[in-house]
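Working notes, beginning with the structure itself.
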2 protein chains.
Amino acid sequence: MLSIGAFAQIGQVTHRMLRHWDQTGLLVPAHTDPFNSYRSYDPQQLERLHRIVALRQLGFGIEDISSLLADGIDAEQLMVMLQRRRAEVEEEHRTAAARLADVERRLHLIERERPMSSVEVIKKPLSAAQLAARTVKVNEQPELINVVGPTFDAVAEIIGGTCGALETPIAVYSSAEEGIEATIGYVYSGQAQEGVDLIPLPAENEAFVTVHLGEIQGIGSSWQALHEEILARGYEPSGPCRELYLRADEAGRTDQFVVELQQPVRSIS
Amino acid sequence: MLSIGAFAQIGQVTHRMLRHWDQTGLLVPAHTDPFNSYRSYDPQQLERLHRIVALRQLGFGIEDISSLLADGIDAEQLMVMLQRRRAEVEEEHRTAAARLADVERRLHLIERERPMSSVEVIKKPLSAAQLAARTVKVNEQPELINVVGPTFDAVAEIIGGTCGALETPIAVYSSAEEGIEATIGYVYSGQAQEGVDLIPLPAENEAFVTVHLGEIQGIGSSWQALHEEILARGYEPSGPCRELYLRADEAGRTDQFVVELQQPVRSIS
DNA sequence: TCACCCTCTGACACTGTGTCAGAGTCAAGC
DNA sequence: GCTTGACTCTGACACAGTGTCAGAGGGTGA
């Protein structure tokens with residue numbers, strides 16, 4: 001019979017775990033002294049201990065290990081659990097790979113003297129929405145800035161009457177033949193109205209987004225940075241991009257904008 | 001100003017986290033109502049939120065993120081933290097890869113109708129020790145079984161006198177020219193004695209071990225299984241193997257043995 | 001007998017998130 | 001003004017798997 005210390009040393013685990021496993025019933029010492037509660041392990045229990053250690057190395061939790069070592073387990077169940085575990089480990093592996101790539105990308109950026117990318121980009125899904133909007137078309141990008149504001153106002157005037165509080169303003173841009181098409185309006189769940197279109201905006205399960213703060217004029221460089229980041233991370237745009245105006249009002253001040261830039265993407269595979 | 005719900009939705013995090021981060025000071029709402037404690041976030045705080053989300057995706061903990069977003073951080077410190085993170089992620093990546101290989105190996109074993117390898121093998125380091133032992137040489141493996149027992153007895157008789165309780169019996173086997181060399185004795189920290197050699201046993205930082213239970217005659221197949229497993233996992237033996245007798249006595253009974261089989265290995269690279 | 005090591009129990013800690021309970025608040029519709 | 005439903009608040013427990021600490025008792029050798 002082995003003391004807990006000896007057993008722990010042979011099996012390369014700590015006393016703490018052996019006591020924990022005793023409590024949870026995973027590995028109960030062959031004998032426990034009724035007077036001083038000292039635990040004694042039979043050397044034969046090393047086999048079970050080894051199985052436990054091996055399963056732990058595969059990343060199984062205590063619960064799972066208990067089932068796997070239970071008496072009545074058959075090859076079928078075993079296989080199911082291993083397959084589930086495989087899926088999880090594959091996921092961990094992918095996550096780690098992606099993280100690694102991202103960490104290294106950032107390290108390279110620093111080495112090239114760009115301390116931290118000027119915009120912070122995150123990936124998230126976009127949910128579907130319905131817009132009340134107008135679609136306008138311009139030939140050159142610079143024209144947009146003169147068109148967007150008034151169009152928002154026009155749409156707001158139409159639907160603002162029936163719908164007290166306007167929801168989020170959104171602009172969707174897609175390139176058309178010889179120019180840019182902009183759909184400009186508000187998230188809207190009411191009825192159709194004269195003078196605006198009801199436009200369903202599809203959900204996107206992968207999009208890169210960032211926020212642009214401050215002067216609206218600078219939004220172009222934020223877009224550029226966003227698209228650079230998309231490419232750098234191995235993705236490409238997969239649909240029209242959107243601007244979501246989180247703060248635009250402030251009565252004439254143009255230096256207090258907060259705009260979420262959204263670009264649906266797909267992985268370059 | 002955005003309510004916690006709106007802010008959470010835009011930033012794709014849960015209220016719970018925002019409250020948690022408020023508590024820890026990582027992201028404090030721009031305003032908290034003194035009467036009802038409602039949190040209000042400034043849209044500009046989305047930038048910080050995005051940075052936090054991005055860093056979380058790299059696997060940084062809250063503590064680290066706080067430092068990374070602190071005011072006085074310079075590129076130097078940033079780089080140090082990223083490098084540390086890189087090392088950790090690389091480790092995770094390796095672990096996941098190893099696990100994946102192991103899980104798949106086990107799945108294949110099951111498919112080939114070998115429900116669970118008969119021996120359970122784990123990898124652990126071996127610590128150094130000093131033996132009081134005798135070295136014997138045999139030509140054929142079967143001879144060993146007749147030699148080992150008596151040699152243990154002979155060594156025990158010599159050192160047992162001065163050293164009350166004998167420590168663990170160990171046998172070390174290495175192949176010599178035309179035969180097998182066996183070093184048989186006990187872990188021993190006393191002085192040299194007539195009739196036995198003091199033999200230092202080096203530490204090994206990687207070894208595969210398993211336990212053999214029951215009849216001592218079956219130990220050969222346990223060794224074979226251990227060596228098969230070593231190869232299957234992409235390692236090869238890198239030194240003499242050892243047997244550590246955890247239970248051998250039992251007065252003449254040969255079916256109650258508990259022996260740890262230890263084989264130092266190196267990775268096949 | 002003393003000193004030292006082993007072992008016991010029980011507790012708290014960590015991380016980051018889910019969830020629940022119970023209470024309070026806000027806004028909209030009637 | 002009242003109801004209703006959605007939102008928010010706090011505080012707590014929970015998870016997993018260890019590390020660690022405190023305080024007490026046991027066992028052994030000098």
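This is a predicted model, so every value here is computed, not measured. Worth knowing before you read on, the calculation uses all heavy atoms, side chains too, and leaves out hydrogens, waters and symmetry mates. Every chain is numbered from 1 and lettered A, B, ... according to where its sequence line falls, protein lines coming before strand lines.
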Distances under 3.5 Å only, N/O to N/O: pair up the protein atoms with those of nucleotides 21-24 of chain C.
{"from": "C:dG24", "atom 1": "N2", "to": "B:Tyr38", "atom 2": "OH", "distance (Å)": "3.0"}

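The pair B:Arg19-B:Asp22 fails the salt-bridge criterion, with no side-chain N (NZ, NE, NH1 or NH2) lying under 4.0 Å from an Asp/Glu carboxylate O. With respect to A:Glu260 and A:Lys124, a salt bridge is recorded, a charged nitrogen being found less than 4.0 Å from a carboxylate O. Under 4.0 Å is where a charged nitrogen must lie from a carboxylate oxygen, and between B:Glu88 and B:Arg94 no such pair does. With respect to the salt-bridge test (charged N to carboxylate O, under 4.0 angstrom), the residues A:Glu120 and A:Arg106 qualify.
Of all the residues in residues 26-34 of chain A, not one reaches under 4.0 Å from DNA chain D with any non-hydrogen atom. Near DNA chain C, meaning a heavy atom under 4.0 Å away, there are no residues from residues 82-96 of chain A.
By the ring-ring contact (aromatic ring centres under 6.0 Å, His included) test, B:His50 pairs with no residue at all, sequence neighbours left out.
Checked options A:Asp64, A:Ile62, A:Leu69; the residue passing with A:Leu55 is A:Leu69 (criterion: side chain to side chain contact (heavy atoms under 4.5 Å, CB included)).
Nearest heavy atom pair, residue B:Lys123 against residue A:Gln57, reads O-NE2, 4.0 Å.
Between the axis at the start and the axis at the end of the helix from C:dT1-D:dA30 to C:dC30-D:dG1 there is an angle of 30°, using five pairs per end and rounding to 10 degrees.
For A:Arg39 and C:dT7, the shortest distance from a side-chain N or O to OP1 or OP2 is not below 4.0 Å.
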Legend entry - Footprint string (nucleotides 10-18 of chain C, 5' to 3'): B base within contact, S backbone only, - free, heavy atoms under 4.0 Å: -B----SBB
